[in-house]
2 protein chains.
Amino acid sequence: MRTVTPMPKLASNPFKKHQHSQCIRDALHSAEGLCKKNGFRLSNVRKRVLELIWESHQALGAYAILEQLGKEGVKPAPPTVYRALDFLLEAGLVHRINSLNAYIGCNHPKDSHHGSYFLICQHCHIVAEIHDKRIDEEVASLAERERFSISERALEISGTCQHCQETQHAR
Amino acid sequence: MRTVTPMPKLASNPFKKHQHSQCIRDALHSAEGLCKKNGFRLSNVRKRVLELIWESHQALGAYAILEQLGKEGVKPAPPTVYRALDFLLEAGLVHRINSLNAYIGCNHPKDSHHGSYFLICQHCHIVAEIHDKRIDEEVASLAERERFSISERALEISGTCQHCQETQHAR
DNA sequence: ATCTGTAATGTTATAATATAACACTTTGCG
DNA sequence: CGCAAAGTGTTATATTATAACATTACAGAT
Ligand SMILES: [Zn+2]
Ligand SMILES: [Zn+2]
Ligand SMILES: [Zn+2]
Ligand SMILES: [Zn+2]
């Protein structure tokens, strides 16, 4: 197919200019691989929802997805989208950004995350998924001190990205 | 005036048995102090909402608050509660738990938080606000590496508290 | 190729959470 | 008191999400 990339998945920084069509291709390709491997069924709806989410690095709401699907044919009812989202969340292909009620594509769907953390620019609305072992460790140690057994964690950091700082969109 | 009080506010661990009426008293008292100091108006509605939120260490939804207010007199419309919540959030007297769409009292409303982090027990639904300088630092350093200017942060850790682990409510 | 059970999707209705817009009331202050 | 600002009431509606049940598509067995 395509040239074999040297680094299997070093996600590009979504705040910086980059060849985004490559993000989309990678995401779709790795989603297909993961589904095949685990016996998940990546149906048309599910795949299309994933594609829509990956069209940008901005988090996309369920009803925005619905809207888009509507423009491409018959507009489905909300459960269709929410079911696709549930599947994608379960499969680890997307993340929900709780502070936005919206969804973004996971940038490393193969790894089982310990923790993934999000930088959310309030100006351009781009969301970057970050992995940070040291935060993982501090969180684990915090939980251990409190004898708390972790099942999920979500760190959402809102602010202004470098690009928006430079272009004075920041106030 | 320094270090006259032994420890002005060492919040008790909400997962452990404790004299909760003391939590409520402390919270209300310190809310009044803070409002007086900053010229905020702690009206009846606002105060009552804060009390309701402090009735337990479980996060309370806006409509649950509404329900409670209804039992105590005339049931107000949603905006009344949301406005009170907005005020309390602004004043730093409560926090919103995004993963639950619900609200809990802040356990140290005087300090300006750098970060506060939440342990959320999925069994007893108690939420504990935690402060951790080392996580603060890691988050700050992460943001610096990415040249990201932080305005808000929310870390929500879900799982099982010690008490619920011991009493086999955990599965 | 047909059958068959499960998974996926369609459909309708409704729940749960949150806000907009405008009217009215209270409060602090000159 | 009289005024302006802040707070609250009221009505309507927006936004996000799920329940319940009918129908269809799909993979594996015969
Ligand atoms: Zn990209
Ligand atoms: Zn930005
Ligand atoms: Zn308590
Ligand atoms: Zn518990």
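Letters A, B, ... mirror the listed sequences (proteins, then strands); counts begin at 1.
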Starting from P on C/dT25, measure out to CG on B/N44 and report it in whole angstrom.
18 Å
Does A/R46 place a side-chain N or O at less than 4.0 Å from the phosphate oxygens OP1/OP2 of C/dA8?
yes
Can you tell me if CD on B/E72 sees more than 12 non-hydrogen neighbours from other groups inside 6.0 Å?
yes
Quick check: B/H163 with B/H123 (ring centres under 6.0 Å apart)?
no
Quick one: do the B/Q19 and B/S21 side chains pair a donor with an acceptor below 3.5 Å?
yes
Rounded distance in Å - CG (B/L42) to P (D/dG7):
11 Å
Starting at atom CD of A/E90, determine the distance to atom P of C/dA7, rounded to an integer number of angstrom.
13 Å
Should B/S43 be listed as having a side-chain N or O under 4.0 Å from OP1 or OP2 of D/dT8?
yes
Closer to the 5' end of DNA chain C via nearest nucleotide, is it A/R41 or B/G61?
A/R41
Between the side chains of B/Q165 and A/S149, is a donor N or O closer than 3.5 angstrom to an acceptor N or O?
no
Contact list please: residues 64-88 of chain B against DNA chain D, heavy atoms, distance less than 4.0 Å, in numerical order.
B/A77, B/P79, B/T80, B/R83
Under the 5.5 Å and 30° test, is A/Y63 stacked on the base of D/dT16?
yes
Could you tell me the separation between the CG atom of A/L100 and the P atom of D/dT15, rounded to a whole number of Å?
16 Å
Taking every non-hydrogen atom, the tightest pair across A/S151 and B/Q122
OG-OE1, 3.2 Å
Quick one: name the residues clustered hydrophobically with A/I126, using the 4.5 Å side-chain heavy-atom rule over I, L, V, M, F, W, Y, and just say none if it's on its own.
A/F15, A/Y117, A/L119, A/I130, A/I135, A/V139, A/L142, A/F148, A/I150, A/L155, A/I157, B/F15, B/Y117, B/L119, B/I126, B/I130, B/I135, B/V139, B/L142, B/F148, B/I150, B/L155, B/I157
